[in-house]
2 protein chains.
Amino acid sequence: MTGVTNLSIQIVTGDSRPIFKQIVDGIRMEVAKGSLPPGAKLPSVRGLAMQLMINANTVAKAYGELTALGLVEARQGLGLFVTEPRQLLSDEEQQKRLDAAVGAFINEVAYLSYDSEHIIKAVQDALTSLGGKAGKNSDEG
Amino acid sequence: MTGVTNLSIQIVTGDSRPIFKQIVDGIRMEVAKGSLPPGAKLPSVRGLAMQLMINANTVAKAYGELTALGLVEARQGLGLFVTEPRQLLSDEEQQKRLDAAVGAFINEVAYLSYDSEHIIKAVQDALTSLGGKAGKNSDEG
DNA sequence: TCAACTGTACTATGTGTAATAGTACAGTGC
DNA sequence: GCACTGTACTATTACACATAGTACAGTTGA
């Protein structure tokens, strides 16, 4: 044991998202929630593959995505580690991502017969359950 | 002219979503915004295909999705028409869809360094721009 | 009746992605 | 040296997407 964080990721075959994407999203959520703090060591490619009963290349692909996102960092021969929180994207790119996410979200919920306040509250509750980890102020980091 | 509503859908090749999905989302948004009121006639499969410069089968697939969603209704030999607004899904299913949409949304925005209030406001603004069409009360339909 | 339109249902083909399997290599720690 | 780490290949299978062409039943207007 060198401090490897055990992940509680679940792979759902019925999900429309591919397996590697489910891993990326899962780890991204763990980091956002704080379950994976900066410096935490991720399970090895082969270890997580065995745990999830999938191919190692699939995990490697997910880890490649996370590395490209800047969320984790690879140290040759050691493993993957969660990076320190920082400004990963430009303000313009952040705004673009937010707009896209909001647009996609609205497209999904506008179809439902829910009150606007009900939708807002659902989002608020979900954000609150992150434990304020997403409540970072956007001062010059 | 038999009252066919002209659609302002744009197909973006750079989008990660497939073409037929972009059509589904586009029309779903038009209906939510009110640009496509109940009873409105959609462009024909071949007409929209020519307008968007894509294959007719792709439009047919999108129309099939919309029909399966219950958002539009096909009248043999006549065309597709927007259905009357009604409870299309069970309360349980609605809740499930909302949870999934919120979860996917949170997964996208938790990664960004935005204040919770900022995110909430973005969603609120987007909902408001729908013109209250999504503000339907969930009384027994 | 006939022609032109409507959605729908097929077959076939080409392309790209996802996932699997196996192999190989450089770096790290004991 | 050995066991571990991430990474990079090749190859194969399966599936989704988009295209192309054809066909059929129903509707409308001439």
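Worth knowing before you read on, the calculation uses all heavy atoms, side chains too, and leaves out hydrogens, waters and symmetry mates. Just so it is clear: chains get the letters A, B, ... in the order the sequence lines come, proteins before strands, and each one is counted from 1.
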When you list every nucleotide of DNA chain D with an atom under 4.0 Å from a heavy atom of chain B, which one comes first 5' to 3', and which comes last?
D/dC17 to D/dT28

Run the numbers on A/Q22 and A/I9 for side-chain contact (heavy atoms from CB on, under 4.5 Å), then give the verdict.
CA-CA 8 Å; A/Q22 292 184 43; A/I9 296 180; 5.8 Å; no

Can you find a heavy atom in the side chain of B/F105 that is under 4.5 Å from one in the side chain of A/V123?
yes

Measure from [atom1] on [X] to [atom2] on [N] and round the result to the nearest Å.
X	N	atom1	atom2	answer
B/I19	C/dG16	CD1	P	14 Å
A/F20	C/dT20	CZ	P	12 Å
B/E73	C/dT6	CD	P	19 Å
A/K61	C/dA21	NZ	C1'	15 Å
B/R17	C/dT17	CZ	P	17 Å

If you take all heavy atoms of A/R17 and A/D15, which pair is closest and at what distance?
N-OD1, 2.8 Å

Check whether any side-chain N or O of B/S44 sits under 4.0 Å from OP1 or OP2 of C/dC5, and answer yes or no.
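Checking B/S44 against C/dC5: no side-chain N or O falls below 4.0 Å of OP1 or OP2.
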
Between B/R75 and A/V45, which residue's closest nucleotide on DNA chain D lies nearer the 5′ terminus?
A/V45

Categorize B/R46 for me: base, sugar-phosphate, or nothing, with a 4.0 angstrom heavy-atom threshold over every strand shown.
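Base contact.
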
Comparing A/P18 and B/L78 on DNA chain C - which has the more 5′ nearest nucleotide
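Looking at the nearest nucleotide for each, B/L78 comes out on the 5' side.
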
Contact nearer the 5' end of DNA chain C, comparing A/G77 with A/N57
A/N57

A/E93: which residues meet the side chain to side chain donor-acceptor pair (under 3.5 Å) condition with it, sequence neighbours left out?
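Scan of A/E93 (side chain to side chain donor-acceptor pair (under 3.5 Å), adjacent residues dropped) gives A/R97.
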
Is B/R28 salt-bridged to A/E108, cutoff N-O under 4.0 Å?
yes

Report the residue from B/V72, B/L48, B/V24 that forms a side-chain contact (heavy atoms from CB on, under 4.5 Å) with B/Y63.
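That would be B/L48.
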
